[in-house]
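Here's the structure we're looking at; comments come further down.
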Amino acid sequence: MKTAITAITAQEILDSRGNPTLTATVWCGNVSGSAAVPSGASTGRYEAHELRDNDPKRYNGKGCLTAVANVEEKIAPALLGEDVTNQARLDRLMCELDGTENKTNLGANAILAVSLAAARAAANVTGLSLARYLGGVAGGRFPVPMMNILNGGAHADNNLDIQEFMIAPVGASSYEEGLVWCVEIYHKLKSILKSRGLSTAIGDEGGFAPNLRKDEDGLKLLVEAITAAGREPGKEVAITLDAAASEWAQEDGTYFLPKSKKQLSPAQLLRYWRFLTTHYPIVSIEDAAGEDDWETWQKLTERLGGEIMLVGDDLFVTNPDRLTRGIEQKAANAVLIKVNQIGTLSETLEVIYRAKEAGFDVIISHRSGETEDTFISDLAVAVNAGFIKTGAPCRAERTAKYNRLLELSKAAK
Ligand code: PGA
Ligand code: ZN
């Protein structure tokens with residue numbers, strides 16, 4: 001059987017924030033597939049376990065040698081001889097071998113590396129692109145980028161509390177056209193910042209990270225840049241935000257914005273979002289409330305859900321159970337998908353299809369700590385995701401994903 005797994009190897013590598021992560025390679029005879037695992041700076045409390053060595057003398061405790069050893073010494077023996085195209089079984093075997101809810105034994109990073117590498121190996125064995133292998137004849141729609149061109153929060157050392165200010169070319173007729181518009185806007189934004197003596201240094205995801213008077217000025221800048229690039233704000237290019245408000249949530253249920261040092265009650269936070277969405281062409285806010293504040297999520301969805309996407313990232317952590325709760329309680333109307341939040345491809349697909357069934361929008365996402373791996377580009381096309389978040393058109397780990405989409409798009413013509 002040419003699809004039988006004959007070897008699995010792993011290796012520690014670096015992510016774009018200068019921290020270690022790992023890559024795994026799954027072999028079927030002389031055909032192989034590799035995949036690397038990303039890592040976030042603003043991780044959700046309910047994400048699957050990212051296994052680190054915790055050896056303070058090496059990489060500040062962040063080494064991934066234990067995860068590498070788990071792949072080679074524990075996962076590999078369990079999967080040898082298995083059919084690489086039986087993704088659901090491979091993922092189930094790894095989850096059973098781990099035996100915990102959060103993948104704490106083997107590490108979600110170790111399991112995910114193998115899970116994704118197996119899919120790549122399967123695509124290579126069958127001679128299909130990864131997008132075609134994953135999506136079959138049902139996939140093939142290209143996502144609209146949510147391009148993060150202004151960085152704040154935990155991703156930048158500036159004074160903006162909102163983590164991501166993004167542009168989405170909702171009026172473009174193709175992926176390529178949308179990409180051109182966004183890149184042109186990115187350059188216009190750079191010129192505007194320069195002309196005002198503001199910093200054009202960049203944050204973790206390649207967006208600019210200037211100090212501004214307040215977060216609202218970031219929205220003004222985006223509208224200005226969109227207009228300067230000859231696009232109509234709202235109609236052709238809309239704004240989307242990721243507040244990453246779990247970073248603001250306090251034990252007592254209030255919100256503290258650490259950069260502006262503002263304290264907000266949930267009701268004030270709601271009013272803040274309402275104010276911004278009425279004055280700016282915002283079509284989506286991610287993590288507009290904290291990961292434990294289901295009540296505010298429900299209120300947000302009730303009040304703003306008819307007009308904009310309310311995207312659960314830390315709220316859902318790509319977890320089927322948390323998403324089901326969100327669907328039942330009408331908290332959010334869209335889900336952010338990050339493969340390493342849950343740790344296997346099968347569970348990721350389960351969440352995506354459950355979200356679609358419930359009428360939720362699906363946004364496939366990178367992490368702030370990325371590698372040159374482009375798996376998420378193929379995944380987005382395979383599942384017909386409405387959107388993809390993969391940063392600014394700057395820093396090679398971000399452009400790699402945009403470039404992979406260009407490649408897939410050309411191949412589809
Ligand atoms: P993270 O940020 O990768 O640092 O978690 C991305 C996001 O919050 O969407
Ligand atoms: Zn987020």
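Residue numbers start at 1 and run along the sequence shown. Ligands are counted one by one from 1 in listed order, and the atoms in each one are counted from 1 as well.
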- Query: Can you tell which part of Leu336 has a heavy atom less than 4.0 Å from ligand 1: side chain, backbone, both or neither?
  - Reply: side chain

- Message: Angle at the Zn ion (ligand 2), OD2 of Asp242 to OE2 of Glu286, rounded to 10 degrees, please.
- Response: 90°

- Hey, what's the ring geometry for Phe316 with Trp294, parallel, tilted or perpendicular (30° and 60° as the breaks)? tilted

- Message: Please confirm whether the ring centroid of Phe208 lies under 6.0 Å from the ring centroid of Tyr186.
- Response: yes

- Message: Under 3.5 Å between any N/O of Ser365 and any N/O of ligand 1: does that happen in this structure?
- Response: no

- Determine whether the side chain, the backbone, both or neither of Asp204 has a heavy atom under 4.0 Å from any heavy atom of ligand 1. neither

- Query: Do ligand 1 and Glu286 have nitrogen or oxygen atoms that lie under 3.5 Å from each other?
  - Reply: yes

- Have a look at Arg367 and tell me which of Glu50, Glu205, Glu47 forms a salt bridge (Lys or Arg N to Asp or Glu O under 4.0 Å) with it. Glu47

- Message: Assess the residue pair Val381 and Arg141 against the criterion (side-chain contact (heavy atoms from CB on, under 4.5 Å)); give the C-alpha distance rounded to whole Å, side-chain angles, the decisive distance to 0.1 Å, and a yes or no.
- Response: CA-CA 5 Å; Val381 173; Arg141 200 175 93 197; over 6 Å; no

- Query: Which residue supplies the protein heavy atom nearest to atom 7 (C) of ligand 1, what is that atom called, and how far is it?
  - Reply: Lys338 NZ, 3.1 Å

- Of all N/O/S atoms in Asp313, the name of the one nearest the Zn ion (ligand 2): OD2

- Looking only at heavy atoms, is any part of Ala244 under 4.0 Å from ligand 1, and if so is it the side chain, the backbone, or both, or is it neither? neither

- Message: Out of His155, Arg367, His366, who is nearest to atom 2 (O) of ligand 1 when you count heavy atoms only?
- Response: His155

- Query: Out of Lys389, Arg398, Lys401, Lys338, which residue meets the salt bridge (Lys or Arg N to Asp or Glu O under 4.0 Å) rule with Glu370?
  - Reply: Lys401

- Task: Could you tell me whether the Zn ion (ligand 2) has an N, O or S atom of Glu164 under 2.8 Å away?
- Result: no

- Item | Side-chain donor-acceptor contact under 3.5 Å, Asp15 with Thr21 | no

